[in-house]
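Let me begin by presenting the structure, written as structure tokens, before commenting on it.
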Amino acid sequence: MSTHTVTQRHAQVSGAGLFTTIGRRFLAVALTFAAVGATAANRVEDISYASAPDGTTEITIKLAAPPSAPRAFATDSPPRIAVDFEDTQNGLTERRINVGSGAAASVSAVEAGGRTRVVVELFHPAAFDSRIDGNNLVLSVGKASTSSAAVSAEPTSSGVSQPVVKQVDFRRGTNGEGRILVSFDKDGAGTDLRREGNKLIVDLFDVTLSNDLPVRLDVTDFATPVQFIETRERAGGARMEIQTGGVIEHMAYQTGNELVIEIAKASVKEDERQKLGEPVEYKGTPVTFNIQDIPVRSALQLIADVSEMNIVVADSVSGNVTLRLVNVPWDQALDIILQAKGLDKRRQGNVVWIAPTAEIAQREQALEDARIALEDRAELVTEYIPINYGSAEEIAKLLTENALQGEQQGQGADQDKNLQKGFLSKRGSVTFDKRTNTLLVNDTADKLKELKELIALLDRPVDQVLIESRIVVATDSFSRELGARFGVSGAYEDHHGNVIASSGTITATDQMINRALANRLAGRPSGLPVATPGSNGSGIVGPSLANRLNVNLPASTGAGSFGWSVLAADYILDLELSALQTEGRGEVVASPRVITANQREAVIKQGDEVGYVTISAQGGGGGVPIPQVQFKEVLLELKVTPTITQDDRIFLAMNVKKDEVAGFISTSIGDVPQINKRELNTAVLVENGQTVVLGGVYEFKTREDLAKVPFLGDLPALGNLFKKKTRDTSKAELLIFVTPKILRQRGKN
């Protein structure tokens, strides 16, 4: 009881000094406002808003005098935009103005320390822009020309040269947070910040890196949520990847030529820890209790005295408890008492209400029933939501998908009236206007706020992918031929009258025999040329060259050749050597290029249609066949469906086809085209901007042919006169290169 008495005295002393403390604070506040009133040079008089046709919301802040360039910054968690006016009073009568247009939810203004801060609450992180128009500052919320993370409201330079990232620095804050400082040589740099898993991705648009960059900073030793920072160039600017650990909260703002990113550990409330199943961390002052069988209400009073908390105990709390606790935090001791007696607590500020668990559950159930009943009687509001990037019809179908599934499964409205219609409340409805691509939603105000957040998350610009491919067909051919033509023709008559004739064919020998017989009849000496009767000195007619050849194996037409002939008294020797060598090299390069949205198939084709004739029978079976002209496509075709992964890689499902006419085959009804087909069907994961070889075919052909006279063609050296050699070599190679590049949409969250 001594502790209780001391606490009561302490309470009395505290109460006696209460008016003195309040008086001092009131005097300080009065002096502060007096000083502000004397020094403030401007005043916020009015705030209005209007929706623009492009989906942005323009918020106009009217002041008494033209404002100087204010400092503006944005945060992602919670999403909001803050604008600070130095030496400015707040003259608004309303503290909060509801907007509910585009990405802007509400606007509020607060004055403190001689300046006024205007805060725009957002449904989701959005980009913004600002301009000064006379006495007004106009904020354009939702514009995609700047970053959604943080943009300075100060005027930016419009020079031709791009801003240069001079330095990337890291510092540790007083509370263990990590602070990343990005310095530019001038203002005007656009940024975009988003979270991907355990990484924060910061895209810097239209900037270049200094000679000291890119760089990778390992900051693990600083004991912050940041582990390392990597900065590198990319198409259209630069990218910074920040690796983090654990659950984090981040905030980014840009002032002039400096971008500041703060990353800290996320704070988890005590009730959220219990929902997550994590052990509660007790931080109360250690206490020691060794009491026997005292009323529970008295034990709770002891806890109240130690913790200096305001505890309200329900009348239904009764019974006794025995405690023996040594150096136990008072908040843990309180939880032990509540668990032992079947009690529970609810805390509001510095006041804790304690009652039996069933009583608290009954009260909360009653509050929930009252809330549901209030929602059933809540006024329905109609909202027209324009869709910028998606399809209003598809989004409307998505919002009511669960309701459609329920109807298909037989769960009609009569069976379960409490079911929501998809994402709508049970009284809500949605339709769409295809002509203007607008959603027409009718629901309660709270549900409309949730729907706007959902629609803003879905209605985002889709990244596009540029796919550049190169198809290379290279051919190389080589051919060599060696041939010879050889012949010996002659006739001889000995003293006994025997005639011996030799030539390439029997026709030639017959001619030679006839000449010998003519000599015999004319009484001419044997072995001499035979003259045609009656034509002395006019020569003789010998066998033709085609009939004189014993070996006729020349190279192909157009070959180089060397001929040699010997004409003796009674024989002719003919010899021709020929050789041919051909080389051919060819290369066909095709470069189809196509741009498509993420996860959308793109097709590009180019080529010809080659015609040919076919015959079809006439109807009835007895008619005359009818010729018809058919066409065959000969195409260069690229089909691709890209999918951008979370780590900025690209998954490609591709089909590449390259056809060409190799020649024509002659038939009785015309020529039929012969087509060479090359086709690739594959799926591959590729880095952004990386060139990869998807496939290749290497074909090598070699052939050697030999035509010869048996036995004679096998003679050393001399056998070359009796044979023909042909060697053909051909090579063909097909390579397909692909380079995908992500075309990131600015202003995307």
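For Arg435, the CZ atom counts as loosely surrounded, since its 6.0 Å shell holds 12 or fewer non-hydrogen atoms of other residues, nucleotides or ligands. Surrounding NZ of Lys341 are more than 12 heavy atoms belonging to other residues, nucleotides or ligands, all under 6.0 Å away. Around CD of Gln362, the count of heavy atoms belonging to other residues, nucleotides or ligands within 6.0 Å does not exceed 12. Atom CD of Gln348 is surrounded by 12 or fewer heavy atoms from other residues, nucleotides or ligands within 6.0 Å.
The shortest side-chain heavy-atom distance between Asp335 and Lys345 falls under the 4.5 Å cut-off. Annotation: side chain of Tyr49 is not in contact with side chain of Thr60 (no heavy-atom distance under 4.5 Å). For the pair Ile360 and Trp353, the minimum side-chain heavy-atom distance is below 4.5 Å. Between Val110 and Thr116, every side-chain heavy-atom pair lies at or beyond the 4.5 Å cut-off. Side-chain contact between Arg131 and Glu58: present, with at least one pair of heavy atoms (C-beta onward) separated by less than 4.5 Å. Residues Arg593 and Leu466 meet the side-chain proximity criterion, which asks for heavy atoms closer than 4.5 Å. Looking only at side-chain heavy atoms (C-beta outward), Arg195 and His250 come within less than 4.5 Å of each other. Residues Ile354 and Val312 are not in side-chain contact: their nearest non-hydrogen atoms beyond the backbone lie 4.5 Å or more apart.
Judged by distance alone, with hydrogens and angles left aside, the side-chain atoms of Asn688 form a donor-acceptor pair with the main-chain N or O of Ile742 at under 3.5 Å. A donor-acceptor pair under 3.5 Å is absent between the side-chain atoms of Asn655 and the main chain of Asn681, judged by distance alone. Panel note: side chain Asp459, backbone Tyr389; a donor-acceptor pair is recorded below 3.5 Å. Between the side chain of Asp331 and the main chain of Lys283, a donor-acceptor pair closer than 3.5 Å is present. Under a 3.5 Å cut-off, the side chain of Asn310 and the backbone N or O of Val352 do not form any donor-acceptor pair. Within the 3.5 Å criterion, the main-chain N or O of Gly245 finds no donor-acceptor partner in the side chain of Asn198. Thr357 places a side-chain N or O within 3.5 Å of a backbone atom of Gly342 that can act as its donor or acceptor partner. Side-chain N or O atoms of Asn175 include none that pairs as donor or acceptor with a backbone N or O of Glu177 at under 3.5 Å.
Judged as a salt bridge (charged side-chain N to carboxylate O under 4.0 Å, His left out), and not counting sequence neighbours, the contacts of Lys199 are Glu241. For Asp344, the salt bridge (charged side-chain N to carboxylate O under 4.0 Å, His left out) partners at least two apart in sequence or on another chain are Arg346.
What you find for Phe85 and Leu63 is that their closest heavy atoms are CD2-CD2, 4.0 Å. Pro67 and Gly134 get closest at one heavy-atom pair: CD-O, 3.7 Å. Contact between Arg43 and Gly91 at its shortest, heavy atoms only, is NH2-CA, 3.5 Å. Scanning both residues, Ala597 and Val462, for their nearest heavy atoms gives CB-CG1, 4.2 Å. Closest approach of Arg377 to Arg427, counting heavy atoms only: C-NH2, 4.0 Å. Taking each heavy atom of Phe423 and Leu451 in turn, the nearest pair found is O-CD2, 3.7 Å.
Here the OG atom belonging to Ser68 is positioned 7.0 Å from the CD1 atom belonging to Ile132, to the nearest 0.5 angstrom. Rounded to the nearest 0.5 angstrom, Arg649 CZ and Asp647 CG are separated by 4.5 Å. Here the CG-CD distance, from Asn598 to Gln464, works out to 10.0 Å after rounding to the nearest 0.5 Å. Rounding to the nearest 0.5 Å gives a distance of 10.5 Å between OH of Tyr384 and OG1 of Thr438. Here the CG atom belonging to Leu122 is positioned 10.5 Å from the CD atom belonging to Glu453, to the nearest 0.5 angstrom. Here the CG-OG1 distance, from Leu200 to Thr244, works out to 5.5 Å after rounding to the nearest 0.5 Å.
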- Task: Apply side chain to side chain contact (heavy atoms under 4.5 Å, CB included) to the pair Leu743 and Val465, showing each step before the final yes or no.
- Result: CA-CA 6 Å; Leu743 306 179; Val465 181; over 6 Å; no
- Check the pair Leu652 / Thr682 against side chain to side chain contact (heavy atoms under 4.5 Å, CB included), numbers first and verdict last. CA-CA 8 Å; Leu652 297 175; Thr682 184; over 6 Å; no
- Message: Could you walk me through whether Asn350 and Met309 satisfy the side chain to side chain contact (heavy atoms under 4.5 Å, CB included) test, starting with their C-alpha distance in whole Å, then the side-chain angles of each, then the deciding distance to 0.1 Å, before giving a yes or no?
- Response: CA-CA 6 Å; Asn350 198 31; Met309 296 270 302; 3.3 Å; yes
- Message: I'd like to know whether Thr56 forms a side chain to side chain contact (heavy atoms under 4.5 Å, CB included) with Val141, so could you lay out the CA-CA distance, the side-chain angles of the two residues, the decisive distance to 0.1 Å, and finally the verdict.
- Response: CA-CA 6 Å; Thr56 61; Val141 181; over 6 Å; no
- Do Asp446 and Thr444 pass the side chain to side chain donor-acceptor pair (under 3.5 Å) test, and can you show the C-alpha distance, the side-chain angles, and the key distance before you say yes or no? CA-CA 6 Å; Asp446 293 339; Thr444 62; 5.8 Å; no
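Checked for salt-bridge contact, Lys397 and Glu394 miss the test: no charged N lies under 4.0 Å from a carboxylate O. For the pair Lys434 and Glu393, the salt-bridge criterion is met [side-chain N within less than 4.0 Å of a carboxylate O]. Under 4.0 Å is where a charged nitrogen must lie from a carboxylate oxygen, and between Glu383 and Lys452 at least one such pair does.
Judged by distance alone, the side chains of Thr382 and Asn442 do bring a donor and an acceptor atom under 3.5 Å apart. Counting only N and O atoms by type, the side chains of Ser140 and Asp129 include no donor and acceptor under 3.5 Å apart. Looking only at atom types and distance, the side chain of Ser316 has a donor-acceptor partner in the side chain of Glu359 under 3.5 Å away.
The only option from Asn136, Val44, Asp46, Val138 that meets the side chain to side chain contact (heavy atoms under 4.5 Å, CB included) definition with Ile61 turns out to be Val44.
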